[in-house]
Amino acid sequence: MKEFDYVIIGGGCAGLSLAYELEINKKLEDKKLAIVEPRDEYKRDKTWSFWRVINHNFDDCVKKTWHNFSLKTSNNFEVIKCDNFPYQSVDSGLFYKKINERLKKNKNINFYKEIKDLNINNSFIFNSVPTFKNNQSNLWQHFHGIEIQTEDNFFDNNTVSLMDFDCEQRNNVHFFYTLPFEKNKALIETTWLSKANDNSLKDYDNQIKDYINNSLGIKNYKITYSEEGSIPMFYPKNLIGKNIINIGTAGGMTRLSSGYTFLNIQEQSKYIRKNIENIRNVKIYEVEKKYKFLDKIFLKVLKNHPKRMPDIFFRMFIGSSSNVIKFLSNKSNIIEDLSIILKMPKWIFIKEFFRK
Ligand SMILES: Cc1cc2nc3c(=O)[nH]c(=O)nc-3n(C[C@H](O)[C@H](O)[C@H](O)COP(=O)(O)OP(=O)(O)OC[C@H]3O[C@@H](n4cnc5c(N)ncnc54)[C@H](O)[C@@H]3O)c2cc1C
């Protein structure tokens, strides 16, 4: 059986980002890498969006960049400028193609369908397959989206609709998210923050149809693409060991309060690449502890006061957009953190801070 210096388990966003980062920085010229990935073919399956607070390797996979985003509740509507940190969407289809074309050129990189085909005894493992404990009370962000093309120009393609809470909440937190790629083309997602096992929220098709027809007033459209997924709003429990580092979602790269993960994965990949020669001894890369602490309280508020959340999210974004973007992207300083904390309804947050 073949032996490798490094084995990446899971060739998704984190696995491929890491392999690409190692490859373009010439870390695989005399080292062997195996990527274990069960899928038969790579095709577009996700749209990764984020505020561009750092440089990344995938500018040529960006589907669109926006300088405005909006928030809506049943009482309020606001368009917010984000010139300093534009909002971007990476097309996963282009991302997979770019990386796989590059990796194929290096004979030291091999793909396998199953780990049993390898001898991993002497390899260093990067694992991106998370293990979730079956805890019924955990919160998930779960969503279904469709990309539609309309007959007439309909969308304001300069403004992302980040959260539209003006929809039924069913005692959870629910919003629609719209990425207008062109005036007649947009990805529209129905998004729930709730327990994953709540099947009564999963009539996604009807929710989107109703939103498109009745809230947006669009009658004629064709569906060109769809995506569905769920992001844990808690950290997975994975095996830890001397010769293993968990990466991506499995490695705690998700910001629990927002689900944003993509740029954290890019930063984790860069960190690993910089330390690859000494990987067995370096500190594990983590989302900063202050964000984990603040997100934990935020999620307790979300779980126990879902009706307050549209207003809380709205308040968070009003004022300095740079502060909140930096906060949600792990780039804020203490003054900026305080500016966000002071906007929150104090008693609820204090109560949840002390709740066991
Ligand atoms: C639909 C969707 C949209 C998202 N949108 C955003 C966004 O807009 N912005 C953002 O920041 N984050 C977003 N996320 C969150 C996060 O960025 C993604 O989930 C991202 O793909 C996480 O990367 P990953 O490598 O950890 O997981 P994945 O990309 O899911 O990769 C895991 C890989 O492991 C493979 N695998 C599964 N089982 C095994 C096994 N037993 N052995 C080996 N391999 C296995 C899978 O086939 C997959 O390729 C989104 C998530 C989803 C699901």
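Index from 1, following the sequence. One-based numbering, in listed order, for ligands and for the atoms of each.
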Parallel, tilted or perpendicular: rings of Phe50 and His56 (30°, 60°)
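It falls in the perpendicular class, over 60°.
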Would you call the rings of Phe317 and Phe69 parallel, tilted or perpendicular if under 30° counts as parallel and over 60° as perpendicular?
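The rings of Phe317 and Phe69 stand perpendicular, inter-plane angle above 60°.
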Under 4.0 Å, heavy-atom basis, I'd like to know which part of [X] is in contact with ligand 1: side chain, backbone, both or neither.
X	result
Thr261	both
Phe143	side chain
Ile115	neither
Glu228	backbone
Thr249	both

Atoms in ligand 1 flagged as close to [X], the criterion being non-hydrogen separation under 4.0 Å:
X	value
Val36	43 (C), 44 (N)
Gly248	26 (O)
Ile265	22 (C), 23 (O)
Arg39	48 (C), 49 (O)
Gly11	49 (O)

Counting heavy atoms only, name the option from Val129, Ile231, Asp45 that's nearest to atom 41 (N) of ligand 1.
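It is Val129 whose heavy atom sits nearest to atom 41 (N) of ligand 1.
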Minimum distance, heavy atoms only, to atom 21 (O) of ligand 1: which one of Trp48, Tyr87, Tyr42 is it?
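The option holding the nearest heavy atom is Trp48.
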Please check if any side-chain donor atom of Thr261 sits under 3.5 Å from a side-chain acceptor atom of Asn264, or the reverse.
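Checked: Thr261/Asn264 side chains show no N/O donor-acceptor pair below 3.5 Å.
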Measure the distance from [atom] to every protein heavy atom, then report the residue, atom name and distance (to 0.1 Å) of the closest one.
atom	answer
atom 29 (O) of ligand 1	Cys13 N, 3.0 Å
atom 34 (O) of ligand 1	Gly10 CA, 3.3 Å
atom 9 (N) of ligand 1	Ser49 O, 2.8 Å
atom 24 (P) of ligand 1	Ala14 N, 3.9 Å

Using the salt bridge (charged side-chain N to carboxylate O under 4.0 Å, His left out) criterion, which residues pair with Glu286? Sequence neighbours excluded.
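If we apply the salt bridge (charged side-chain N to carboxylate O under 4.0 Å, His left out) test to Glu286, skipping adjacent residues, the hits are Lys289, Lys292.
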With Ser17 as reference, evaluate Lys270, Gln268, Gln266, Glu267 under the side-chain hydrogen bond (donor to acceptor under 3.5 Å, both in side chains) test and give the passing residue.
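Of the listed residues Lys270, Gln268, Gln266, Glu267, the side-chain hydrogen bond (donor to acceptor under 3.5 Å, both in side chains) partner of Ser17 is Gln266.
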So is Phe50 close enough to ligand 1, meaning a heavy atom under 4.0 angstrom away?
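The answer is no, since Phe50 has no heavy atom less than 4.0 Å from ligand 1.
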Electrostatic pair [X]:[Y] at N-O distance under 4.0 angstrom:
X	Y	answer
Lys97	Glu101	yes
Arg44	Glu147	yes
Asp91	Lys64	no
Asp117	Lys113	no

Consider ring pair (Phe, Tyr, Trp, His ring centres under 6.0 Å). Of Tyr87, Trp66, Phe262, which one does Trp51 pass it with?
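Among the candidates, only Tyr87 passes.
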May I ask whether Met316 and Phe165 are part of the same hydrophobic cluster, defined by side-chain heavy atoms of I, L, V, M, F, W, Y residues being less than 4.5 angstrom apart, directly or through others?
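Looking at the clustering, Phe165 is in the same group as Met316.
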Enumerate, atom names and distances included, each donor-acceptor pair closer than 3.5 Å involving a side-chain atom of residues 1-15, sequence neighbours excluded.
| unit_1 | atom_1 | unit_2 | atom_2 | d |
| --- | --- | --- | --- | --- |
| Glu3 | OE1 | Asn122 | ND2 | 3.3 |
| Glu3 | OE2 | Asn119 | ND2 | 3.1 |
| Asp5 | OD2 | Lys32 | N | 2.6 |

N or O pair under 3.5 Å between [X] and ligand 1:
X	answer
Glu37	yes
Ala250	no
Tyr260	no
Pro38	no

